[in-house]
Amino acid sequence: MSDSLARKTQPQLDESLLVHLPPFSKLETRQIRAILDQATTRRIEEGAAIFDEGAPAERFYLLLDGYVRVVRLSPTGERITALHIPPGQLLGIARALGRTDYPATAVAAAESIVLSWPTRLWDSFVAEYEGFSTETYAVVGQRLEEMSERIMELATQHVEQRVANSLLRLINQTGRKVAGGIEIDFPITRQDLSEMTGTTLHTVSRLLSGWEKQGLVKSQRKRIMVCDAHALVVLSQP
DNA sequence: CCATTAAGTATAC
DNA sequence: GTATACTTAATGG
């Protein structure tokens, strides 16, 4: 049950896991070894929560593989997806925001692997590891920018433009090149897209059906591929 | 223009 | 077979 026991049952983690990731790229092997030796690895299945909004922020995380969506619950129980996190990024960094609890729930959008550390180690990471705090600032700034961008969209753009923008962001951040276009790299439903854009799954379904007929996108259940990104860009402009 | 309701088909477990 | 994903039409704010 204890951390040390949990770690003992894990295979020894390889330094190469971290050495190319921005928060750790300036560190020596010795330091990365120390960081890994304190980490706990966990596999999260699709749809499972990594931590919940409002819970005490006991650990902070690094997403090694998979995708995570950050969701909040409205008072009436509707889910709002704030953003998606790609592999290699930190999450659950409540400490960096001056908080002691998690401001949102993190759900695995696809099967994911995370490393985590107790939050009490946060300050020593910031103090001892060169590049760790600057990368944290960069990530926080990047997410702030994305969220403020989306506030502008919600306030000024029509549903069609918002859904087009969401798709474009998804293929930019998590797109995978496939024959015929760029596919979103994790399972995503109309419901998910509607939660990102503040609309209903029916409206998203109608839009995607229309775009599919025009050859802009191609979709199967839980899979969306963008065939003509430029046409979506045109649509996304008011 | 877009949400809601409703009713239907398709696909996965 | 039943739950889940998706489509489509109709109605109304």
Side-chain angles (χ1 to χ4, degrees), chain A residues 42-53 63 65-87 104-114 146-238:
Chain A
R42 189 147 71 98
R43 191 189 71 91
I44 319 284
E45 55 183 304
E46 183 185 330
I50 301 170
F51 51 80
D52 288 303
E53 178 175 355
L63 182 62
D65 191 33
Y67 290 94
V68 167
R69 54 167 185 269
V70 176
V71 305
R72 300 203 52 198
L73 228 49
S74 80
T76 49
E78 293 150 302
R79 283 202 308 279
I80 307 295
T81 299
L83 48 84
H84 284 85
I85 295 177
T105 298
V107 176
E111 176 170 328
S112 298
I113 308 285
V114 295
E146 178 172 341
M147 289 188 200
S148 73
E149 181 76 17
R150 294 201 39 231
I151 291 174
M152 288 295 288
E153 288 178 18
L154 279 170
T156 64
Q157 297 188 338
H158 294 159
V159 169
E160 181 178 52
Q161 298 158 8
R162 302 206 300 266
V163 176
N165 268 316
S166 261
L167 280 181
L168 288 169
R169 253 195 302 274
L170 284 168
I171 60 165
N172 279 329
Q173 295 173 357
T174 78
R176 188 166 44 87
K177 277 202 171 141
V178 293
I182 304 170
E183 185 174 79
I184 296 169
D185 201 22
F186 53 84
I188 184 163
T189 65
R190 274 81 176 137
Q191 175 76 37
D192 292 331
L193 260 179
S194 73
E195 286 168 7
M196 303 172 60
T197 51
T199 181
T200 62
L201 77 155
H202 307 100
T203 298
V204 171
S205 178
R206 275 189 292 272
L207 286 169
L208 286 179
S209 295
W211 292 343
E212 179 137 15
K213 286 194 184 89
Q214 301 169 53
L216 305 195
V217 303
K218 221 160 176 276
S219 68
Q220 307 152 28
R221 112 176 330 223
K222 293 195 179 191
R223 287 278 153 204
I224 301 176
M225 169 173 93
V226 173
C227 309
D228 188 348
H230 183 257
L232 278 184
V233 172
V234 173
L235 274 180
S236 73
Q237 248 79 55

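Numbers restart at 1 for each chain; the letters A, B, ... are given by sequence-line order, proteins then strands.
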field: Selection: residues 153-171 of chain A, any non-hydrogen atom under 4.0 Å of DNA chain B
entry: A:H158, A:V159

query: Could you go step by step and tell me if A:R223 and A:E183 meet the salt bridge (charged side-chain N to carboxylate O under 4.0 Å, His left out) rule?
result: CA-CA 7 Å; A:R223 287 278 153 204; A:E183 185 174 79; 3.6 Å; yes

query: Below 4.0 angstrom, N of the basic side chain to O of the carboxylate: do A:D192 and A:K222 qualify?
result: no

statement: Contacts of A:Q161 meeting side chain to side chain donor-acceptor pair (under 3.5 Å) (sequence neighbours excluded), chain-then-number -> none

- prompt: Pick one: which of A:T203, A:T200, A:V204 meets side chain to side chain contact (heavy atoms under 4.5 Å, CB included) with A:R190?
  reply: A:V204

query: Atom CG of A:D192 to atom P of C:dT4: distance rounded to whole Å?
result: 14 Å

query: Does the side chain of A:E146 come under 3.5 Å of the side chain of A:Q173 through a donor N or O and an acceptor N or O?
result: yes

query: Just wondering, do A:L235 and A:E160 contact through their side chains at under 4.5 Å, heavy atoms?
result: yes

task: Could you please spell out the steps behind the side chain to side chain donor-acceptor pair (under 3.5 Å) verdict for A:T76 and A:E78?
output: CA-CA 6 Å; A:T76 49; A:E78 293 150 302; 2.6 Å; yes

- request: Kindly give the heavy-atom pair with the smallest separation between A:V107 and A:G47, and that separation in Å.
  value: CG1-O, 3.5 Å

- request: Quickly work out the A:K222 NZ to C:dA3 C1' distance and round it to whole Å.
  value: 12 Å

task: Assign A:R190 to base, sugar-phosphate, or nothing according to its heavy-atom contacts below 4.0 angstrom with the strands shown.
output: sugar-phosphate

message: Rounded to whole Å, how long is the line connecting atom CD of A:Q191 with atom P of C:dC6?
response: 10 Å

- prompt: Could you give the NZ-to-P distance, from A:K218 to C:dT7, as a whole number of Å?
  reply: 13 Å

Those residues of residues 198-216 of chain A lying under 4.0 Å from DNA chain C by at least one heavy atom: A:H202, A:S205, A:R206, A:S209

